[in-house]
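Order of listing sets the numbers, starting from 1, for every ligand and every atom in it.
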Amino acid sequence: MQLNIFHNEEELIVALANYVVESAKQSIARNKKFSIVLSGGNSPKKLYALLASDLFREKIQWEHVYFFFGDERYVPSTDPESNYGMAKTVLFDPLHIQPSHIFPVDTKLNPQAAAQQYAEQISNYFAAEDWRFELVLLGLGDNAHTASLFPSTPVLLETVASVSSVFLEDKSVYRITMNAPLLNQAHRIAFLVYGESKAIAVQHVLEDAYNADLFPAQLIAPQSGELVWFLDTEAASKLQKKS
Ligand code: 6PG
């Protein structure tokens, strides 16, 4: 596991954008394609905007890139809460990504069917190969959830790589999420976490005794891939060990 701590969000985002570029270049050189799993929420918006900007857009052969979502809120794709909707606005539309290269969760189906259909989409993409994404981007909630792997939810106990629907009692909403076994099959996993509000969650996940039910992000441990944390000094401020 590699821990990168940056002075501020801007430096972090540039470093992570370069990491995405490098991951894409290596994957496209090797396999002629690059599968990336996007995280949702607010943190990655600036990363996606930077990748789509004049500074970075020419650095990746976007025609070889395939976009998936680590999780999705169970809302219409036009809803402001939609992770797909955010990525479409900030990344896909500015880069004119062809729809056949984008795999959104179909939230028009019921939650269980949406999860099953997403797993089928992943299966179709990988055909006879293992479901090993080239790069998974993850955020961290202030309660130490990642993707939609929330504390004390049944999905945390799953042992077979797949996609599940999760009902969040406190918010009375459904989420669709890749489970930890699927995320952990990836070649590379990068956490993007910045801001003071995440400092306690970061300390729990990285330094407290293993308790995945309480700190679900502790489930993230690539089977054979690399795990890299991209933090700013605020998010890392509660860590005892900085190296
Ligand atoms: C989501 C994300 C989720 C997110 C964290 C952090 O759908 O919300 O996948 O896991 O990464 O909740 O969200 P922020 O970046 O908005 O703090």
Open item on the list: As an exercise, identify every atom of ligand 1 less than 4.0 angstrom from a heavy atom of Asn42.
Closed with: 14 (P), 15 (O), 16 (O)
Open item on the list: Show the atoms of ligand 1 that are less than 4.0 angstrom away from any heavy atom in Gly139.
Closed with: 11 (O)
Task: From Leu149, Asn143, Asp71 - option closest to atom 9 (O) of ligand 1 by heavy atom - done: Asp71
- [ ] Give the minimum heavy-atom separation between Tyr118 and Phe69, together with the two atoms involved.
- [x] OH-N, 2.9 Å
Open item on the list: Could you tell me if Thr107 and Arg73 have a donor-acceptor pair between their side chains, going purely by distance under 3.5 Å?
Closed with: no
Open item on the list: Below a 4.0 angstrom heavy-atom separation, can you tell me which part of Lys198, side chain or backbone, both or neither, approaches ligand 1?
Closed with: side chain
Task: Heavy-atom nearest neighbour of atom 3 (C) of ligand 1 within options Gly195, Ala147, Gly41, Ser39 - done: Ala147
Open item on the list: So if I apply the side-chain contact (heavy atoms from CB on, under 4.5 Å) rule between Thr153 and each of Leu149, Leu157, Val155, which one comes out positive?
Closed with: Val155
Task: Aromatic ring pairing Phe126/Phe68, orientation class (parallel under 30°, perpendicular over 60°, tilted between) - done: parallel
- [ ] Ignoring angles and geometry beyond distance, decide whether Leu138 reaches within less than 3.5 Å of ligand 1 through its nitrogen or oxygen atoms.
- [x] no
Open item on the list: Using a plain distance cutoff, I'd like to know if Thr146 has any nitrogen or oxygen under 3.5 Å from a nitrogen or oxygen of ligand 1.
Closed with: no
Task: Between Thr177 and Asp71, a side-chain donor and acceptor under 3.5 Å - done: no
Open item on the list: Does this structure show an ion pair linking Arg30 with Glu134, if we count only N-O contacts that are shorter than 4.0 Å?
Closed with: yes
- [ ] Just jot down the ligand 1 atoms closer than 4.0 angstrom to any heavy atom of Asn83, in number order.
- [x] 1 (C), 7 (O)
TODO: Examine the proximity of ligand 1 to Asp142 and report which part, side chain or backbone, both or neither, has a heavy atom under 4.0 Å away.
DONE: neither
Task: Check: Asp130/Gln185 side-chain N/O donor and acceptor closer than 3.5 Å - done: no
TODO: Report yes if Arg73 has an N/O atom closer than 3.5 Å to an N/O atom of ligand 1; otherwise report no.
DONE: yes
Task: Heavy atom of the protein closest to atom 5 (C) of ligand 1 (residue, atom name, distance) - done: His145 NE2, 3.5 Å
Task: Face-on cation placement of Lys198 at Phe191 ring, 6.0 Å and 45° thresholds - done: no
Open item on the list: Looking at ligand 1, is there an atom of it that comes within less than 4.0 Å of some heavy atom belonging to Gly70?
Closed with: no
